[in-house]
Each structure stands twice: as C-alpha cells, then as structure tokens.
Amino acid sequence: MIVKLVEATKSNYGDSSVDLEEVYINTEQVVCVRPTGRPGLNLPEGLDQDTVFSKVFLDHGQNGLSITVVGPPALIESKINTAKRQLLKG
C-alpha cells in the first residue's frame with residue numbers, strides 16, 4: 001500500500017533552510033522509524049521550532065534508503081498501519 005508523507009530536505013541554496021515536499025512510499029518497504037533532530041536551522045512557514053521529525057528507513061535492495069519526514073514516529077507508524085489495515089479490509 002502507498003502512503004503520503006511530507007519529506008523535509010535541506011535546501012539546495014547553500015543555506016541552512018529546509019524544503020518540504022510530498023513523498024509517497026510503499027508501506028511494505030518500511031524497515032524502521034526513528035525520531036531525529038531538525039534537518040536544518042530555518043524551518044519553512046507553518047512549522048514552529050517544536051515540530052518533531054522522524055527518519056524512515058526503507059528497504060532498497062542491498063542499499064537502504066532513509067528519508068526525514070515531518071511528524072513523530074508514533075504518527076508515522078499509525079499512518080503506515082492504517083494503510084495496511086485498509087488493504088486487508090478491502
């Protein structure tokens with residue numbers, strides 16, 4: 001099942017700002033979710049300094065892939081499990 005999350009990436013402009021973009025991940029590829037610190041010093045509008053970020057580790061063959069997303073691990077886990085439950089009911 002595919003779930004939509006918001007990824008936080010460092011800006012390409014050489015400063016310490018953060019860009020946000022939607023990312024769709026396959027819930028079957030998620031290996032683990034861990035809390036992480038802020039990816040940059042300057043958060044975009046709409047996010048305050050208390051915003052929590054998580055690192056999602058994805059299975060990608062021999063090379064793993066990790067992305068930083070907006071939200072605490074419990075919220076991310078809830079979205080992943082909700083998507084899996086919908087598939088089973090359907």
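The residues of the chain are indexed from 1 along the displayed sequence.
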Who pairs with [X] by side chain to side chain donor-acceptor pair (under 3.5 Å), at least two apart in sequence or on another chain?
X	result
D48	T51
Q29	none
Q49	R38
T68	K55

Practice problem: State yes or no: do L65 and I80 share one hydrophobic cluster built from I, L, V, M, F, W and Y residues joined by side-chain heavy-atom distances below 4.5 Å, directly or via other members? | Solution: yes

Practice problem: Using the rule that two of Ile, Leu, Val, Met, Phe, Trp, Tyr join whenever any of their side-chain heavy atoms come within less than 4.5 Å, decide whether L5 and F57 are in one cluster. | Solution: no

Rounded distance (nearest 0.5 Å) linking atom [atom1] of [X] with atom [atom2] of [Y]:
X	Y	atom1	atom2	value
E21	I67	CD	CD1	9.5 Å
N26	D59	CG	CG	10.0 Å
S66	R34	OG	CZ	10.5 Å
E7	E22	CD	CD	11.5 Å
E77	T82	CD	OG1	8.0 Å

Quiz item: Can you check side-chain contact (heavy atoms from CB on, under 4.5 Å) on V56 and I76, steps first, answer last?
Solution: CA-CA 9 Å; V56 177; I76 305 304; 4.0 Å; yes

Quiz item: Taking ILVMFWY side chains as joined if any heavy atoms are under 4.5 angstrom apart, and letting links pass through other members, which residues group with L75?
Solution: none

Quiz item: Does V6 sit in a hydrophobic cluster with other residues, and if so which ones, taking ILVMFWY side chains as linked at heavy-atom separations under 4.5 Å, directly or through other members?
Solution: V18, L20, L43, L47, F53, V70

Quiz item: Does any non-hydrogen side-chain atom of L58 lie less than 4.5 Å from one of I25?
Solution: yes

Quiz item: Is the shortest heavy-atom distance from the side chain of I2 to the side chain of T27 under 4.5 Å?
Solution: no

Quiz item: Where is the tightest heavy-atom contact between G71 and S54, given as atom of each residue plus distance?
Solution: O-OG, 2.6 Å

